[in-house]
Peer 1: 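Following this message is one structure expressed as structure tokens.
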Amino acid sequence: MTVSSGAKESIVSQENLVLHNMSEVVAAVPHFLGVHPQDSLVVVPEVTGGAPVARVNLPHGATQTLAVAEGLARAYAGAGVGVVLLAYTDQPALAREVCDTVRERLEPAIPVIGVVAVDGDGWVRLDGPHHGEVTQSDRDLMTAEFLLLERPTPFATQGQLRQAYASGRPVPDELMLLAAERAAAAARSGGRVGAVEREWITTTLDRAAVGHTVLPDADAARLIADVQHTPLRDHAWASIERSTAPRHAELWRDLLTRCPDSATSPESNVAPLAPVASLTAFAHWLDGDAVKARVALERVPAGTAYQMARLIDVALELGMDPRTWTAAPDDLDDLDGPHHDPSASPKSVGLGHAIHEPPKAPPGRGPAGPPR
């Protein structure tokens with residue numbers, strides 16, 4: 001949020017979006033998160049293009065609050081922007097206690113330029129005399145602004161958000177069986193068969209990234225079956241870029257709702273949901289949407305030891321900035337994990353040490369992404 005000299009609380013919250021007062025900030029938060037927060041602490045940076053919008057469950061007690069404060073301090077260290085703290089609760093004393101503790105830990109390295117308690121449509125500045133209410137006009141304005149930014153309407157509750165990732169209409173079993181046989185042959189082959197399948201994955205994902213594409217059942221089954229195999233999964237993984245992450249996230253979310261619950265290939269000992277949920281979560285994380293990334297990871301079956309899901313969970317727990325992600329060089333072999341540049345940010349070191357093997361970028365892709 002860059003403070004404008006012409007207004008008391010004017011802030012820039014997206015590249016081309018200016019929020020002029022705290023009511024507009026509160027109205028914008030559900031669009032940043034994709035859901036209306038409840039019992040949450042939300043951190044909105046001065047310029048969201050320079051740092052992520054963060055949401056954590058509102059902590060209770062000194063130990064939890066200090067842990068949250070430490071995590072936020074790590075997440076915003078070096079961002080070079082101020083932040084607004086918004087506590088969503090009907091308990092003013094709790095809001096003040098949490099915000100005071102977090103503010104004390106963040107400053108002076110991270111300036112806190114606003115502290116707000118939000119209860120329903122009403123908000124109160126905890127660092128000043130101002131208070132107000134989000135009007136229908138504020139909500140309509142933010143809906144229109146975020147539609148221009150191609151952002152979907154936020155969910156009303158966390159339950160509704162989870163429902164959007166729940167199993168809906170799984171692709172027919174007969175299509176999954178055929179696709180599983182094709183995928184197994186492609187994964188085993190280092191020759192033309194494997195190359196053809198990787199080329200198909202690239203073409204399909206690129207097409208989806210251009211527009212909001214819902215794949216037909218046969219293609220959905222093929223992509224779900226392909227990513228059960230690490231080399232093909234990594235090829236799909238390396239295709240996801242920050243510029244197209246929102247559309248990739250929507251594509252994989254749709255596939256997650258259509259993915260069968262049990263393995264369709266006797267060669268696989270991993271539930272099909274694990275790689276699809278992990279790819280969905282990664283696309284959301286790369287887009288800066290930690291809330292939806294966590295919801296996607298919840299679809300990984302309990303007890304499933306899946307490294308990609310674990311690594312994304314580590315990134316979320318550490319508050320890693322998605323901007324630390326770098327595309328893998330073209331001359332690497334297909335490997336089992338993403339590549340981060342440990343020198344890009346101190347926060348990238350933890351995950352960088354956990355990930356040893358980056359996937360190869362698809363043909364024609366390098367650090368700058370595909371030719372446009």
Side-chain angles (χ1 to χ4, degrees), residues 13-14 23-44 48 52-59 86-91 118-123 133-171 208 212-215 220 245-261 273-274 276-302 309 312-313 316:
S13 296
Q14 281 285 356
S23 289
E24 290 187 2
V25 175
V26 176
V29 164
H31 296 272
F32 288 132
L33 300 178
V35 64
H36 289 264
Q38 299 172 339
D39 296 320
S40 303
L41 177 66
V42 177
V43 184
V44 181
T48 59
V53 175
R55 188 213 70 88
V56 295
N57 292 335
L58 199 66
L86 301 102
Y88 286 76
T89 178
D90 58 0
Q91 303 178 52
V118 184
D119 182 10
D121 290 334
W123 58 266
E133 186 169 306
V134 177
T135 66
Q136 187 61 47
S137 176
D138 295 325
R139 287 190 288 268
D140 290 345
L141 175 62
M142 290 303 105
T143 298
E145 293 283 3
F146 278 84
L147 283 175
L148 289 175
L149 295 169
E150 298 187 351
R151 294 290 181 171
T153 301
F155 293 91
T157 66
Q158 194 78 4
Q160 288 185 9
L161 175 61
R162 287 191 173 93
Q163 188 58 39
Y165 290 74
S167 180
R169 49 179 189 89
V171 295
H212 299 283
T213 303
V214 176
L215 296 181
R247 289 177 178 174
H248 277 281
E250 182 55 30
L251 170 70
W252 288 108
R253 185 203 64 79
D254 176 67
L255 292 177
L256 187 56
T257 67
R258 301 161 69 183
C259 186
D261 292 329
L273 286 168
V276 178
S278 298
L279 287 163
T280 307
F282 173 77
H284 280 311
W285 172 77
L286 194 61
D287 186 37
D289 196 333
V291 173
K292 291 180 181 177
R294 288 189 181 281
V295 171
L297 284 182
E298 289 176 4
R299 292 298 317 279
V300 177
I312 297 168
D313 185 59
L316 292 168

Peer 1: If you look at every heavy atom in E24 and L141, which pair is closest and at what distance?
Peer 2: OE2-CD2, 3.5 Å

Peer 1: Return each pair, listed once, that meets salt bridge (Lys or Arg N to Asp or Glu O under 4.0 Å) where at least one residue sits in residues 25-38; pairs must be two or more places apart or across chains.
Peer 2: none

Peer 1: Would you give the length of the straight line joining atom OG1 of T89 to atom CG of D119, rounded to the nearest 0.5 angstrom?
Peer 2: 7.0 Å

Peer 1: Using 0.5 Å steps for rounding, measure from the CG atom of D138 to the CD atom of Q136.
Peer 2: 9.0 Å

Peer 1: For the NZ atom of K292 and the CG atom of D287, what is their distance to the nearest 0.5 Å?
Peer 2: 8.5 Å

Peer 1: If you measure from CZ on R299 to OG on S278, what distance do you get to the nearest 0.5 Å?
Peer 2: 12.0 Å

Peer 1: If you look at every heavy atom in V300 and A309, which pair is closest and at what distance?
Peer 2: CG2-CB, 4.1 Å

Peer 1: Taking all heavy atoms of S23 and all of V134, pick out the closest pair and write down the distance.
Peer 2: O-CG2, 3.7 Å

Peer 1: Let me have the donor-acceptor pairs involving side chains of residues 158-166, under 3.5 Å, with sequence neighbours excluded, atom names and distances please.
Peer 2:
unit_1, atom_1, unit_2, atom_2, d
Q160, OE1, A156, N, 3.4
R162, NE, E298, OE1, 2.8
R162, NH2, E298, OE2, 3.1
Y165, OH, H284, NE2, 2.7

Peer 1: Side-chain atoms of residues 27-39: list all donor-acceptor pairs with protein atoms under 3.5 Å, sequence neighbours left out, distances to 0.1 Å.
Peer 2:
none

Peer 1: Check A220 against L215 and note the closest heavy-atom contact, atom names and distance.
Peer 2: N-CB, 4.1 Å

Peer 1: If you round to the nearest 0.5 Å, how far is CZ of R169 from CG of D254?
Peer 2: 6.5 Å

Peer 1: Please determine whether a side-chain nitrogen of the Lys or Arg among R247 and E250 lies less than 4.0 Å from a carboxylate oxygen of the Asp or Glu.
Peer 2: no

Peer 1: Measure the shortest side-chain to side-chain distance between L273 and P301 over non-hydrogen atoms and say whether it is less than 4.5 angstrom.
Peer 2: yes

Peer 1: Treating T280 as the side-chain partner and W252 as the backbone partner, does any N or O pair qualify as donor plus acceptor under 3.5 Å?
Peer 2: yes

Peer 1: Are V295 and R253 side-chain neighbours, meaning at least one heavy-atom pair lies under 4.5 Å?
Peer 2: no

Peer 1: Roughly how far, to the nearest 0.5 Å, is CD1 of I312 from CH2 of W285?
Peer 2: 8.5 Å

Peer 1: Testing the basics here: between V291 and R55, what is the closest heavy-atom pair and its distance to 0.1 Å?
Peer 2: CG2-NE, 3.9 Å

